Amino acid sequence: LAALPEELCKLKKLETLHLNGNLLRQLPAAFGQLSALKTLSLSGNQLRTVPTQLSGLRHLDVVDLSKNQIQNVPDTVGELQAIELNLNQNQISQISVQISHCPRLKVLRLEENCLELSMLPQSILSDSQISLLAVEGNLFEIKKLRELEGYDKYMERFTATKKKFA
């Protein structure tokens, strides 16, 4: 699939949508009308940015945008309601500080991208709800992450979450 039909956006009760391994470069303008959507998987497409249409989806729990061509994460990501955002295996070198404002975001996967440590917003560690941050395979050593201000706050959330599921 290189494009999605606008009619898809009329499926008001659709909760799960898997469109992995296609040639999608963008989503229909009306995609935000899929108000019941909980799980969206767009892994292995040709998206170059995080679709702004996702910001309006209030019930979205899991968004998989891995294996695309995304280079930066824009300010609109701050309105995302997802609990888990998978951006693994893209070409991300910039992330908006607004990602720290995602009210429900607990899991952020950024493995195998093009991130410098200086491009990772410190507020992800100190001022977000994120309790699992996966950043292996970027342009910095993981031990350097531990030296950042706010890392101890992140570890408190990480440990508390681990204990909950133990």
Side-chain angles (χ1 to χ4, degrees), residues 4 17-35 37-142 144-151 153-155 157-158 161:
L4 296 176
L17 183 57
H18 291 275
L19 293 163
N20 299 341
N22 282 291
L23 302 170
L24 299 174
R25 292 179 183 269
Q26 61 189 22
L27 298 178
F31 199 82
Q33 293 174 13
L34 293 172
S35 53
L37 203 59
K38 291 182 181 175
T39 304
L40 175 62
S41 190
L42 291 164
S43 180
N45 277 281
Q46 295 178 1
L47 298 172
R48 293 187 180 274
T49 186
V50 176
T52 54
Q53 297 93 319
L54 303 184
S55 300
L57 299 172
R58 298 284 164 232
H59 299 286
L60 210 50
D61 291 334
V62 179
V63 179
D64 184 354
L65 298 173
S66 63
K67 300 177 185 168
N68 275 283
Q69 297 161 12
I70 298 170
Q71 295 174 357
N72 63 21
V73 181
D75 289 349
T76 52
V77 77
E79 298 165 35
L80 194 65
Q81 295 291 321
I83 295 169
E84 179 172 345
L85 177 58
N86 185 342
L87 293 165
N88 289 349
Q89 295 178 304
N90 275 286
Q91 298 155 16
I92 297 169
S93 60
Q94 286 188 305
I95 300 176
S96 168
V97 69
Q98 296 297 320
I99 200 159
S100 307
H101 299 272
C102 292
R104 299 171 64 218
L105 191 61
K106 301 267 192 264
V107 178
L108 178 58
R109 301 184 187 280
L110 288 162
E111 295 175 315
E112 297 178 45
N113 276 286
C114 305
L115 277 171
E116 301 272 357
L117 190 57
S118 60
M119 290 288 121
L120 193 68
Q122 182 255 321
S123 57
I124 287 176
L125 298 173
S126 58
D127 303 320
S128 74
Q129 301 293 318
I130 297 167
S131 56
L132 176 62
L133 177 63
V135 290
E136 287 78 10
N138 278 284
L139 305 177
F140 59 88
E141 293 178 40
I142 294 299
K144 293 281 187 202
L145 180 69
R146 297 183 191 124
E147 297 167 10
L148 289 183
E149 190 177 333
Y151 186 79
K153 277 187 170 179
Y154 161 70
M155 280 313 292
R157 293 190 306 271
F158 177 83
T161 302

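Residue indices begin at 1 and follow the sequence shown. A quick note: this is a predicted structure, and the numbers were derived from the prediction, not measured.
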Donor-acceptor pair, side chain of Q71 and main chain of S93, under 3.5 angstrom: no

Nearest-0.5 Å distance, CE of residue M155 to CZ of residue R146: 8.0 Å

Pair F31-L17, side-chain contact (heavy atoms from CB on, under 4.5 Å): steps then yes or no: CA-CA 12 Å; F31 199 82; L17 183 57; 3.8 Å; yes

Partner of I95 under side-chain contact (heavy atoms from CB on, under 4.5 Å), chosen from L120, V77, N72: L120

Test log, rule side-chain contact (heavy atoms from CB on, under 4.5 Å), inputs V107 and I83: CA-CA 6 Å; V107 178; I83 295 169; 5.5 Å; no

Flag for T76-S55: side-chain donor and acceptor within less than 3.5 Å: no

Nearest heavy-atom neighbours spanning R157 and S131: O-CB, 3.7 Å

Separation of M119 CE from L139 CG (nearest 0.5 Å): 11.0 Å

Side chain to side chain donor-acceptor pair (under 3.5 Å) assessment of D75 paired with S96: CA-CA 5 Å; D75 289 349; S96 168; 2.5 Å; yes

C102 side chain reached by L85 side chain, heavy atoms, under 4.5 Å: no

Closest approach of E116 to F140 (non-hydrogen atoms, all atoms of both residues): C-CD2, 3.8 Å

Sub-4.5 Å side-chain heavy-atom contact between T49 and P74: yes

Shortest non-hydrogen separation from L133 to Y154 and the atoms involved: N-OH, 3.0 Å

Check: I70 and L87 side chains under 4.5 Å, non-hydrogen atoms: yes

Atom CD of Q26 with >12 non-hydrogen neighbours under 6.0 angstrom: no

NZ-CG distance between K144 and L117, expressed to the nearest 0.5 angstrom: 9.0 Å

Heavy-atom side-chain proximity of I99 to L108 below 4.5 angstrom: yes

Residue pair V135, N113: steps toward the side-chain contact (heavy atoms from CB on, under 4.5 Å) verdict: CA-CA 8 Å; V135 290; N113 276 286; over 6 Å; no

Pair listing, salt bridge (Lys or Arg N to Asp or Glu O under 4.0 Å) test, anchored in residues 42-61, at least two apart: D61-R104

Min side-chain heavy-atom separation L54-L40 under 4.5 Å: yes

Pair V73-I92, side-chain contact (heavy atoms from CB on, under 4.5 Å): steps then yes or no: CA-CA 7 Å; V73 181; I92 297 169; 4.0 Å; yes

Nearest heavy atoms of N90 and N68, plus distance in Å: OD1-C, 2.9 Å

Within-4.5 Å side-chain heavy-atom neighbours: I142 and E136: yes

Candidates E112, R109, E111 - the one meeting side chain to side chain donor-acceptor pair (under 3.5 Å) with Q89: E112

Residues S41 and N20: side-chain donor-acceptor under 3.5 angstrom: yes

Within 6.0 Å of NZ in K38, more than 12 heavy atoms from elsewhere: no

Least distance between heavy atoms, P103 atom then Q129 atom: O-CG, 3.6 Å

Donor-acceptor contact present, side-chain N22 to main-chain N45, <3.5 Å: no

Between S123 and S100: side-chain donor-acceptor atoms closer than 3.5 Å: yes

Heavy-atom check, side chain of L60 versus side chain of T39, under 4.5 Å: no

Heavy-atom side-chain contact between L65 and L47 under 4.5 Å: yes

Main-chain N/O of N88 paired with N86 side-chain donor or acceptor, under 3.5 Å: yes

Pairwise distance OG1(T52) to CG(L27) - rounded to 0.5 angstrom: 8.5 Å

Pairwise distance CD(Q94) to CG(L115) - rounded to 0.5 angstrom: 9.5 Å

Minimum heavy-atom distance G32-L57, with the two atoms named: O-CD2, 3.4 Å

CD-CD distance between E149 and Q122, expressed to the nearest 0.5 angstrom: 5.0 Å

